[in-house]
Amino acid sequence: MAAVPLYCVCRQPYDVSRFMIECDICKDWFHGSCVQVEEHLAVDIDVYHCPNCNPVHGPSLMKKRNNWHRHDYTEPDDGSKPVQAGTPVFVKELQNRTFASADEILLRMKGEHVTPRYLERHGFNYPIMITEMEGLGLKLPPSTFSVKDVEQYVGGDKIVDVIDVARQADSKMKLSEFIKYFTKLHPELHVPDVAQKMSWVENYWPDDSFFPKPFVQKYCLMGVKDSYTDFHIDFGGTSVWYHVLWGEKIFYLIKPTSANLALYEAWSSSPNQSEVFFGDKVDKCYKCVIPQGTTLLIPTGWIHAVLTSQDCMAFGGNFLHNLNIDMQLRCYEMERRLKTPDLFKFPYFEAICWYVAKNLLELLKELREDNCPPPTYIVDGVKALISALKTWLKREVNEPTSEVPDNIRPNHLIKELTKEIRYLEEPVSGSKPMKSQGSGCGVGPGSNSCPATRSALERLCQARRARKAARRLREQQRHAPKVPSNLDILEQHTREVLKRLEVGPLEEDPAFCAKVHGKLNKVSTASAAAAAESLEDNHLRLMLVNGRIIR
């Protein structure tokens, strides 16, 4: 057998999982970790000299910076190429631009008022800014929590995803290296209640799912001054909660209108994307400053860019929910058309949609049984789901990878959902079609009699859980051993007494007969006293012959 080639100063075979760099002198390959070359810094090396060649040929040669406005800073600065996003020149120009004020679209609310019931009644279509945290349910580390604390909790060897803002490129590095450049999330971190209660993952993802549960609700984001993330829509059209612990962020927000989404998709797929500021292509781009101690909630589909105006630590998270199902699906399909890498997509998005469809089917059936019309956003969401699920099933013919859970019959589920929508829209047996409520059940004048003392969906989910528990209890009782009645107990006791007194053929011995009758009388007297009280309760009168009840 041929010998396996060995590389690097460690003389180990090639490992695809480890970054390596080639020496431009000896042409040998070296692990970055063995020669102290970080992957994200290797791009700045023009000519690399390994430790063996360094003493003879001198240190490695670094690339020379020729400009401050291009991702490739070695390009000549002759004014022939436009400014690219994220570069120092771009950030300076961005800070001098004029934008529409976010006050035109922001909802400013207290934390205690941001609840699922409020969003169900009024919709979640505009960003919400929260400066008073009480009642929001958000638990955070103290404002003194630093990047060093993050390293302590998570570990310096933890590999983290990093965005090189100057090049707008993604890379990975050890957390300890990022900490140096900057100068387990905190155990008490808790997401806002509204995000927790509305989240699809928290409400619908089963514990026994074959697919691993997505964890996208908690992020720690550390950024240095003048870092910039270009315009994007969060994966799967998820809504976002974002809290600035210290420092400051500036969001540039664009409404997800049909026209703006079409422009965004065209811009995202253009070869010169980094050279065009997307905010210039739409009617309005709103500037929203998020100072320290402030929380921002961004709804489904909003296009946004982010500038870190000061060194900053922020916490955030993403969540899918029932209020904007159609927009979430539209964003997901756009990601597919743009061939977005899996790293930047919601994990198992299609799988969770199947789980949600199954649960919403149960919800619609129970509402129909109770003659309670569902909220409009549920009906519209189910219609969008039906269309998407049909498309995915057809696509599976050519694509082998499937996210349909094993315990779901996809065609049957789609058929049943379609049937429930038909019940809502078409008359059945001469009855009038059921109309959905504009918001939650029982809200507003002339509404249905469904109570609205709490969030409509939360109430219905609680009712569904209660009914499931009742059904399980009935099943357990049906298969459980039958609890004996007083009559059964008395009969069993009589049989046991007679069994203990069983003897062979009676002998004509007076002494023996006396012994048997004495024992029988003794036992019968004791048992009769114990049974008398029970018999009084049900007024039973029994006639027994040889231990068998005959009447």
Side-chain angles (χ1 to χ4, degrees), residues 116 120 191 194-218 234-239 300 317-333 335-336 342 345-368 374-375 377-396 399 401-421 455-469 471-472:
E120 287 168 8
V191 305
V194 66
Q196 187 83 1
K197 291 177 179 178
M198 294 174 61
S199 166
W200 274 4
V201 173
E202 297 303 319
N203 288 317
Y204 301 129
W205 193 273
D207 295 333
D208 59 351
S209 173
F210 168 79
F211 304 104
K213 183 177 181 179
F215 290 99
V216 296
Q217 284 223 64
K218 292 181 182 179
D234 277 80
F235 48 40
T238 48
S239 297
T300 306
N318 300 71
F319 59 102
L320 295 165
H321 53 82
N322 287 331
L323 296 183
N324 298 318
I325 295 177
D326 179 57
M327 180 62 75
Q328 290 169 176
L329 293 168
R330 290 171 63 185
C331 292
Y332 172 72
E333 291 301 330
E335 291 172 351
R336 287 184 55 83
D342 289 342
K345 287 160 60 173
F346 190 95
Y348 303 104
F349 180 88
E350 293 186 16
I352 197 169
C353 285
W354 286 106
Y355 289 133
V356 170
K358 181 180 178 181
N359 280 272
L360 291 184
L361 174 60
E362 294 179 15
L363 177 64
L364 290 177
K365 285 182 175 179
E366 291 169 9
L367 287 174
R368 178 165 54 84
Y377 67 85
I378 291 290
V379 177
D380 292 341
V382 169
K383 288 179 181 178
L385 267 178
I386 291 172
S387 176
L389 299 181
K390 287 180 178 178
T391 301
W392 299 342
L393 274 185
K394 292 178 182 177
R395 195 172 63 219
E396 283 195 359
E399 298 183 15
T401 56
S402 172
E403 290 188 12
V404 180
D406 292 338
N407 63 338
I408 286 179
R409 298 158 55 195
N411 288 300
H412 176 75
L413 177 57
I414 293 172
K415 182 179 178 181
E416 290 297 304
L417 279 172
T418 304
K419 189 185 301 182
E420 290 301 322
I421 294 298
S455 163
L457 193 56
E458 182 181 353
R459 174 179 57 77
L460 294 171
C461 287
Q462 289 176 353
R464 184 169 68 249
R465 287 193 291 268
R467 291 183 182 183
K468 282 185 177 179
R471 284 196 294 268
R472 283 197 300 267

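Just so it is clear, the structure is predicted and the values come from calculations on it, not from any experiment.
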Asks: CD of Glu366 to CZ of Arg368: how many Å apart, nearest 0.5 Å?
Replies: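 Between atom CD of Glu366 and atom CZ of Arg368 there are 11.0 Å.
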Asks: Quick one: OG1 on Thr238 to CG on Asn324, what's the gap to the nearest 0.5 Å?
Replies: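 Here the rounded value is 11.5 Å.
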Asks: Go through the steps for Val382 and Ile386 under the test side-chain contact (heavy atoms from CB on, under 4.5 Å), then give the verdict.
Replies: CA-CA 6 Å; Val382 169; Ile386 291 172; 4.0 Å; yes
Asks: Is a donor on one side and an acceptor on the other found under 3.5 Å between the side chain of Ser387 and the backbone of Lys383?
Replies: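 Looks like no, no N/O pair under 3.5 Å.
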Asks: Can you give me the closest heavy-atom contact between Trp205 and Pro212, atom names plus distance?
Replies: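 Where Trp205 meets Pro212 most closely, the heavy atoms are CZ2-O, 3.4 Å.
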Asks: Can you check whether Glu403's main-chain N or O pairs, donor with acceptor, with Glu350's side chain at less than 3.5 Å?
Replies: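 Looks like no, no N/O pair under 3.5 Å.
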Asks: Roughly how far, to the nearest 0.5 Å, is CZ of Phe349 from CZ of Phe235?
Replies: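 These two atoms lie 11.0 Å from each other.
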Asks: Does any non-hydrogen side-chain atom of Glu120 lie less than 4.5 Å from one of Leu323?
Replies: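 Of all side-chain heavy-atom pairs linking Glu120 with Leu323, at least one is under 4.5 Å.
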Asks: Evaluate whether atom NZ of Lys415 has more than 12 neighbouring non-hydrogen atoms of other residues, nucleotides or ligands under 6.0 angstrom away.
Replies: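 Open.
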Asks: Report yes if the side chains of Leu364 and Pro374 come closer than 4.5 Å at any heavy-atom pair, otherwise no.
Replies: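 Yes, close enough: below the 4.5 Å cut-off.
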Asks: If you take all heavy atoms of Gly236 and Cys331, which pair is closest and at what distance?
Replies: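 Heavy-atom minimum between the residues: C-CB, 4.2 Å.
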Asks: Under 6.0 Å between ring centres: does that hold for Phe346 and Trp200?
Replies: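 No, the ring of Phe346 stays outside the 6.0 Å limit from the ring of Trp200, centre to centre.
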Asks: Does the side chain of Ile352 reach to within under 4.5 Å of the side chain of Val201, using non-hydrogen atoms?
Replies: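 Ile352 vs Val201: side chains touch.
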Asks: Please assess Tyr204 against Leu360 for the test side-chain contact (heavy atoms from CB on, under 4.5 Å), listing each intermediate value before the final yes or no.
Replies: CA-CA 10 Å; Tyr204 301 129; Leu360 291 184; 4.2 Å; yes
Asks: Using a 4.5 Å cut-off on heavy atoms from C-beta on, say whether the side chain of Asn322 contacts that of Ile378.
Replies: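 Side-chain contact under 4.5 Å: yes.
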Asks: Would you call the rings of Phe319 and His321 parallel, tilted or perpendicular if under 30° counts as parallel and over 60° as perpendicular?
Replies: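 Correct class here is tilted.
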Asks: Between Glu416 and Lys419, is there a side-chain N and carboxylate O pair less than 4.0 Å apart?
Replies: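 Looking at Glu416 and Lys419, the cut-off is met.
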Asks: Side chains of Ser209 and Tyr348: do they bring a donor and an acceptor to under 3.5 Å?
Replies: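 No.
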Asks: Would you check, one step at a time, whether the test side-chain contact (heavy atoms from CB on, under 4.5 Å) holds for Arg409 with Lys358?
Replies: CA-CA 10 Å; Arg409 298 158 55 195; Lys358 181 180 178 181; over 6 Å; no
Asks: Please find the pair of heavy atoms, one from Leu389 and one from Ala357, that lie closest to each other, and give the distance.
Replies: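 Shortest heavy-atom contact: CD1-CB, 3.8 Å.
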Asks: Could you give the distance from CD (Glu335) to OH (Tyr332), rounded to the nearest 0.5 Å?
Replies: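 Between Glu335 CD and Tyr332 OH, I get 8.0 Å after rounding to 0.5 Å.
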Asks: Can you name the closest pair of heavy atoms from Thr300 and Gly237 and give their distance?
Replies: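 In this case the closest contact between Thr300 and Gly237 is CG2-O, 2.9 Å.
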Asks: What heavy-atom pair brings Asn203 and Met198 nearest, and what distance separates the two atoms?
Replies: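 Minimum heavy-atom contact is ND2-C, 3.7 Å.
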Asks: Does Tyr355 reach the side chain of Ile408, with side-chain heavy atoms less than 4.5 Å apart?
Replies: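 They are in contact (side-chain heavy atoms under 4.5 Å apart), so the answer is yes.
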Asks: What pair of heavy atoms forms the shortest contact from Leu385 to Cys353, and how long is it?
Replies: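 It is CD2-CB, 4.0 Å.
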Asks: Would you sort out whether Leu393 and Ile414 count as a side-chain contact (heavy atoms from CB on, under 4.5 Å), showing the intermediate values?
Replies: CA-CA 10 Å; Leu393 274 185; Ile414 293 172; 3.6 Å; yes
Asks: Keeping the roles fixed (side chain from Asp234, backbone from Ser239), state whether a donor-acceptor pair exists under 3.5 Å.
Replies: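 Side chain of Asp234 to backbone of Ser239, a donor-acceptor pair under 3.5 Å: no, none is there.
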Asks: If you count every heavy atom of other residues, nucleotides or ligands that lies below 6.0 Å from Lys390 atom NZ, does the total exceed 12?
Replies: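 Atom NZ in Lys390 is not crowded, with 12 or fewer foreign heavy atoms closer than 6.0 Å.
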Asks: If you measure from CD on Glu202 to CG on Leu320, what distance do you get to the nearest 0.5 Å?
Replies: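 Between Glu202 CD and Leu320 CG, I get 11.5 Å after rounding to 0.5 Å.
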